Number of protein chains: 2
Amino acid sequence: MKDNNDMPGHLARRFQQIAVAVFLAEVEDAGFDLTPVQYAALATIKANPGLDQVTLAGLIAYDRTTITGVIDRLVQKGLTERRASSRDRRARELEITDEGRKTLRAITPAVEAAQRIMLRGLTDKEANDLMRLLRKAIAAGNELSRAPLREGST
Amino acid sequence: MKDNNDMPGHLARRFQQIAVAVFLAEVEDAGFDLTPVQYAALATIKANPGLDQVTLAGLIAYDRTTITGVIDRLVQKGLTERRASSRDRRARELEITDEGRKTLRAITPAVEAAQRIMLRGLTDKEANDLMRLLRKAIAAGNELSRAPLREGST
DNA sequence: CAATATTGCTCAGTATACTGACTATCAGTA
DNA sequence: TACTGATAGTCAGTATACTGAGCAATATTG
């Protein structure tokens, strides 16, 4: 019988599991307390000042119901500000704080180290191949999850 | 600046997200209600009758605190039996029920379809390459997560 | 412009994952 | 055999993800 551990779905889960563990370990070693999800959100807020939650969710492929809690925690940590939009009173505008900017800068080496560590079993060429193939598979399946990636507004 | 969406950690998360969505959609279309995690656990219990929870967790790389809830749900659905071991009173022996066996058989086509769909953007060669590279990266990082894969007892 | 549809966000509920702690039990050893 | 350490399982707490529902506000349309 075919080994269940060899199915793409299982490999996906396992690789993600390792990636998160490596990220958290490196970031903690660097003296910070930030999850991969929080990091991506924070970096995206910095790159797109004043964006609303739905746009942010689309830019990093998070569910809109997930982003609420993520931002709650970023706000609670003092890394992000959330305020009502004046143009659309349903929306919240997000801004990174000085503290958030500082954290993002300081944490970057750990984040980059983590990316290397999670690929440490591969040669440079293999790592590039893996990322290319993942990108391709993800692009083809983008619309299949509830939280697809939505490119910048144009 | 480097796009955060292009980091291996983000690709891992995104691919896993799509894989789970595809799995759930296919299984639901087939008329079943089983998560990828529950499926893997059930299949492993069937292949290793009477195994205990820690061994099961090791075989599919789940955390031991996660497996408790997964088995709770399999038992509640009538697919698995959990009973105290006579040899070691700390341990629980797991068995698949007839209903579990029937479900596993009936669900297989949907599971296989899901694996194809999550790779649908890739050629056969690319799909094989992706899986080979994932296996290699995972093997190198196995010990980095709290729930590493533990091969069969030997 | 009134009725309708859509959108931004939140909430309640469920299912992984993990941290850390705790109980019960087992195994090894002085 | 009493002591010590390790192991099996559970529990409480936190953080993603997602389903489905709902509210408030905006957009669309007849």
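Because the structure is a prediction, the values reported are computed rather than measured. In what follows, every chain begins at residue 1, and chains take the letters A, B, ... in the order their sequences are listed.
For the pair Leu24(B) CG and dG20(D) P, the computed distance is 11 Å after rounding to whole Å. Atom CD1 of Ile67(B) is separated from atom C1' of dT10(D) by 14 Å (rounded to the nearest Å). If you measure from atom OH of Tyr62(A) to atom C1' of dT10(C), you get 19 Å, rounded to the nearest angstrom. Straight-line distance from the CZ atom of Arg13(B) to the C1' atom of dT16(D): 9 Å, rounded to whole Å. Nucleotide dT16(C) holds its P atom 15 Å from the NE2 atom of His10(A), rounded to whole Å. As rounded to whole Å, 15 Å separates atom C1' of dA17(C) from atom CD1 of Ile71(B). The interatomic distance linking Arg146(A) (CZ) with dA15(C) (P) rounds to 16 Å, in whole Å. In this structure, the CG atom of Leu34(A) is 18 Å from the P atom of dT14(D), given to the nearest Å.
You'll find a donor-acceptor pair under 3.5 Å spanning the side chain of Arg90(A) and the base of dT7(C), going by distance alone.
Each of Asp33(B) and Glu93(A) was assigned the nucleotide of DNA chain C with the nearest heavy atom; the assignment lying further toward the 5' end belongs to Glu93(A). Where Thr65(A) and Arg14(A) each meet DNA chain C at their nearest nucleotide, the meeting point lying more 5' is that of Thr65(A).
Closest to the side chain of Arg92(A), out of dC18(C), dA17(C), dT10(C), is dT10(C). Of the listed nucleotides (dT16(D), dT16(C), dA17(D)), dT16(D) has the atom at the smallest distance from the side chain of Arg73(A). Relative to the side chain of Gln38(A), the nucleotides dT16(D), dC9(C), dT10(D) differ in distance, and dT16(D) lies closest. Side-chain proximity of Thr35(A) to the nucleotides dA15(D), dC26(C), dA17(C) is greatest for dA15(D). Ranking dC11(D), dA17(C), dG9(D) by closeness to the Arg64(B) side chain, first place goes to dG9(D). With dA17(D), dT25(C), dC18(C) as the candidates, the nucleotide lying closest to the side chain of Gln17(B) is dA17(D). The listed nucleotides are dA17(C), dC9(C), dG9(D); the one nearest the side chain of Val54(B) is dG9(D).
Side-chain N or O atoms of Tyr62(B) include one that pairs as donor or acceptor with a backbone N or O of Val37(B) at under 3.5 Å.
Across all strands shown, Arg89(B) has heavy atoms under 4.0 Å from sugar-phosphate atoms exclusively, and none from any base. Using a 4.0 Å heavy-atom cutoff across all strands shown, Ala147(B) reaches sugar-phosphate atoms only and no base atom. When heavy atoms are screened at a 4.0 angstrom cut-off, Val70(B) is found touching the sugar-phosphate backbone but no base atom. Counting non-hydrogen atoms under 4.0 angstrom, Asp52(A) reaches the backbone sugars and phosphates but no base. Within 4.0 Å of Asp88(B), counting heavy atoms only, lie sugar-phosphate atoms of the nucleic acid but no base atom. Contact annotation for Gln16(A): backbone-only contact, meaning every heavy-atom pair under 4.0 Å involves sugar-phosphate atoms and none involves a base.
Under 4.0 angstrom from either OP1 or OP2 of dG9(D) there lies no side-chain N or O belonging to Thr68(B).
Side-chain atoms of Thr55(B) and Asp52(B) include a donor-acceptor pair closer than 3.5 Å.
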Note to self: For Arg83(B) and Glu95(B): C-alpha separation, side-chain torsions, deciding distance, then whether salt bridge (charged side-chain N to carboxylate O under 4.0 Å, His left out) applies.
What the structure shows: CA-CA 9 Å; Arg83(B) 54 169 190 277; Glu95(B) 292 286 354; 3.5 Å; yes
Checklist line | salt bridge (charged side-chain N to carboxylate O under 4.0 Å, His left out) between Lys125(B) and Asp129(B), intermediate numbers included | finding: CA-CA 6 Å; Lys125(B) 180 185 180 314; Asp129(B) 283 350; 2.6 Å; yes
Note to self: As a quick check of understanding, evaluate salt bridge (charged side-chain N to carboxylate O under 4.0 Å, His left out) for Glu81(B) and Arg101(B), giving each step before the final call.
What the structure shows: CA-CA 12 Å; Glu81(B) 271 183 351; Arg101(B) 238 179 291 269; over 6 Å; no
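When the shell of 6.0 Å around CD of Gln76(B) is examined, it contains 12 or fewer heavy atoms from other residues, nucleotides or ligands.
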